[in-house]
Amino acid sequence: MGSNRSNLVSNVVRSMIAGTAAWCASLITAAADEPNFVAETIDDRVAIGYGVAAGDVDGDGRTDLILADAKAFVWYRNPDWTRFEIVKDLTPLDNVCIAARDIDGDGKVEIAVGAMWNPSDTVDSGSVHYLVPQEDRTLPWTAVRLPHEPTVHRMRWLRRASGDFVLVVAPLHGRENRNGEGKPVRILAYEPPKSPQEEWKLDEIDASMHMTHNIDPYVDASADGEGSESLLIVGREGVRRARWRDGAWQSEAIERISGGGEVRLGRSSDGRAWLATIEPMHGDRLAVYPLADRAAAERWQATDRIELDAAFAGGHAIAVGDLLGIGEDQIVAGWRLPNAAGEIGLKLYRRDAAGVWSDHWIDRNGMATEDAIVVDLDDDGDLDIVAAGRSTNNLKLYRNQRQ
């Protein structure tokens with residue numbers, strides 16, 4: 001009896017220890033998955049952080065930051081974040097957008113920019129420039145002016161099936177448009193010549209919407225060629241997908257998605273795609289649209305709408321990526337005006353194993369978010385967050401402390 005009782009007690013104790021260890025392990029795992037970011041101010045003298053990009057500017061193997069400020073395009077050298085002026089006072093009006101990517105494979109980014117920003121002038125505003133660096137890229141660059149439509153607003157480099165790149169430029173309004181009515185927006189692809197001073201070939205990607213706000217390239221398994229990219233376009237009238245197929249641009253609406261101002265593509269752990277949007281343009285709501293299983297097929301269709309937040313004011317930024325290392329994407333989103341609670345900021349939104357979304361503050365009242373990206377800046381394998389502010393006049397890095 002004594003021996004049996006002793007064995008019973010030992011078994012109970014072992015079970016308790018094992019249970020406690022498992023419980024502690026689950027707490028450690030949960031803690032590792034919790035968002036943990038440390039803010040670092042890169043620049044506190046930004047006029048308006050219209051757009052932020054990332055890439056290796058000087059070819060040292062590190063990812064630098066590039067900013068479209070109101071009157072200057074600048075870059076910040078990683079890791080000391082020394083500020084270098086690329087070009088200043090390019091036009092009499094504000095700068096508005098920037099695109100940076102290594103398109104020739106030399107390990108250094110090529111940069112294009114948009115300026116002459118006046119959204120109320122749908123005839124004479126806007127400009128597009130390709131920037132040519134000196135051998136020492138810390139010195140001022142030279143701007144090559146390219147043809148453009150009025151109200152140039154967003155631009156991105158996009159890789160086609162052939163492996164070459166085009167510069168995609170999206171205006172806010174159509175030419176001579178008034179209050180979103182009239183001629184449609186012409187979204188154009190600029191094909192770089194051998195020398196940037198030569199004539200750039202222009203192709204029309206889409207001309208079906210009357211007020212667009214953002215574009216986003218993504219790798220598209222259904223397009224021609226491995227690694228080729230397609231384009232998401234969001235505007236007041238909805239979201240469209242444009243693809244380069246069979247030597248031409250093809251564009252179609254993504255069904256059952258209302259209009260908005262921002263859009264990004266994400267994926268769940270099972271590989272299914274979804275779109276995140278801010279609605280309406282400059283709106284107060286962040287929503288996710290799961291796409292049908294045939295997301296890589298000929299047509300995309302939303303199967304549902306999940307509203308994650310309705311407390312934005314001037315919602316103006318979305319970035320998507322697996323910042324927590326959990327095998328599926330999270331959303332970083334922010335707004336630039338005080339909301340009903342008097343708050344501005346930047347949040348991270350994540351989905352748990354049960355499919356329930358939750359939000360976590362990244363910056364509460366320290367960032368009037370105009371633009372945001374996710375990028376690994378310290379080569380530790382974790383995505384960091386970078387955001388540019390409007391009324392807060394700042395550029396901030398939020399270092400991911402997951403590991």
Side-chain angles (χ1 to χ4, degrees), residues 31-44 46 48-56 62-69 74-81 98 100 156 214 216 218 261-267 276-278 286 288 308-309 312 314-336 343-351 357-403:
D33 288 346
E34 285 300 305
N36 183 12
F37 293 84
V38 175
E40 177 182 341
T41 297
I42 302 298
D43 193 342
D44 61 1
V46 174
I48 298 176
Y50 278 104
V52 62
D56 189 349
R62 295 180 179 269
T63 301
D64 307 302
L65 294 175
I66 309 142
L67 180 71
D69 201 354
V74 300
W75 70 279
Y76 304 84
R77 185 175 59 199
N78 188 350
D80 59 15
W81 306 124
I98 188 165
R156 297 288 295 274
N214 217 331
D216 189 46
Y218 69 95
E262 312 295 330
V263 65
R264 293 291 185 271
L265 176 73
R267 293 195 179 274
T277 65
I278 290 179
L286 175 68
V288 167
L308 304 188
D309 207 325
F312 286 11
H316 214 261
I318 296 179
V320 166
D322 186 5
L323 294 93
L324 304 182
I326 59 176
E328 71 173 31
D329 291 331
Q330 299 89 51
I331 301 167
V332 174
W335 64 100
R336 62 186 187 179
E343 295 178 325
I344 55 174
L346 187 69
K347 286 185 175 184
L348 182 144
Y349 299 80
R350 61 169 297 177
R351 193 179 71 115
W357 289 84
S358 59
D359 63 88
H360 306 262
W361 281 102
I362 298 298
D363 195 323
R364 193 170 192 166
N365 293 323
M367 174 56 61
T369 313
E370 183 79 7
D371 194 22
I373 60 173
V374 294
V375 58
D376 183 4
L377 289 176
D378 46 18
D379 296 323
D380 64 353
D382 293 330
L383 292 173
D384 307 300
I385 303 169
V386 181
R390 194 174 182 90
S391 63
T392 47
N393 308 114
N394 52 358
L395 176 70
K396 294 175 78 171
L397 162 62
Y398 306 89
R399 289 193 184 272
N400 194 337
Q401 304 296 303
R402 185 177 70 88
Q403 296 181 351

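Scope of the values below: all heavy atoms of this structure, side chains included, with no hydrogens, waters or symmetry mates. Computed from a predicted model, the values in this text were never measured in an experiment.
- Using a 4.5 Å heavy-atom cutoff, the side chains of Y398 and E40 are not in contact.
- Note that CG of L397 and CG of N78 are 8.5 Å apart. Values are rounded to the nearest 0.5 Å.
- Looking at L65 and L377, their side chains come closer than 4.5 Å, going by heavy atoms from C-beta outward.
- Checked by atom type and distance alone, the side chain of N36 never pairs as donor or acceptor with a backbone atom of R402 at under 3.5 Å.
- Residue R267 holds its CZ atom at 9.0 Å from CG of D329, rounded to the nearest 0.5 Å.
- For the side-chain contact (heavy atoms from CB on, under 4.5 Å) with L286, the qualifying choice from I318, T277, D359 is I318, the only one to do so.
- Here the side chain of D216 pairs no donor or acceptor atom with the backbone of R264 at under 3.5 angstrom.
- The shortest side-chain heavy-atom distance between K396 and L346 does not fall under the 4.5 Å cut-off.
- Heavy-atom minimum distance, A54 versus V375: CB-CG2, 4.1 Å.
- Atom CG of D384 sits about 7.5 Å away from atom CZ of F37, to the nearest 0.5 Å.
- Using a 4.5 Å heavy-atom cutoff, the side chains of K347 and V332 are not in contact.
- With D69 contributing its side chain and I48 its backbone, the two residues share a donor-acceptor pair below 3.5 Å.
- Shown here for A372 and A317, the closest heavy-atom pair between the two residues is N-CB, 3.8 Å.
- At least one side-chain heavy atom of E262 sits under 4.5 Å from a side-chain heavy atom of N214.
- The nearest pair of heavy atoms linking M367 to N394 is CE-OD1, 3.4 Å.
- Rounding to the nearest 0.5 angstrom, the gap separating the CZ atom in R336 from the CG atom in D371 is 11.0 Å.
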Please test I344 against R390 for side chain to side chain contact (heavy atoms under 4.5 Å, CB included), starting from the C-alpha separation and ending with a verdict. CA-CA 11 Å; I344 55 174; R390 194 174 182 90; over 6 Å; no

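- Listed here is the closest heavy atom pair of I331 and A276: CD1-CB, 3.8 Å.
- Closest of all the heavy-atom pairs between T392 and A368 is OG1-N, 3.0 Å.
- A side-chain donor-acceptor contact under 3.5 Å links N400 to the backbone of L383.
- For D56, there are no side-chain hydrogen bond (donor to acceptor under 3.5 Å, both in side chains) partners two or more places apart in sequence or in a different chain.
- Partner of Y76 under the side-chain contact (heavy atoms from CB on, under 4.5 Å) criterion, chosen from D64, V52, L67, I66: L67.
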Apply side chain to side chain contact (heavy atoms under 4.5 Å, CB included) to the pair T63 and D376, showing each step before the final yes or no. CA-CA 8 Å; T63 301; D376 183 4; over 6 Å; no

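- Heavy-atom minimum distance, G345 versus W361: CA-CZ3, 4.0 Å.
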List the steps and the verdict of side chain to side chain contact (heavy atoms under 4.5 Å, CB included) for Y349 and H360. CA-CA 6 Å; Y349 299 80; H360 306 262; over 6 Å; no

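- Under the 30°/60° scheme for interplanar angles, the aromatic rings of F312 and W335 are found to lie parallel.
- Between the side chain of Q330 and the backbone N or O of L323, at least one donor-acceptor pair lies under 3.5 Å.
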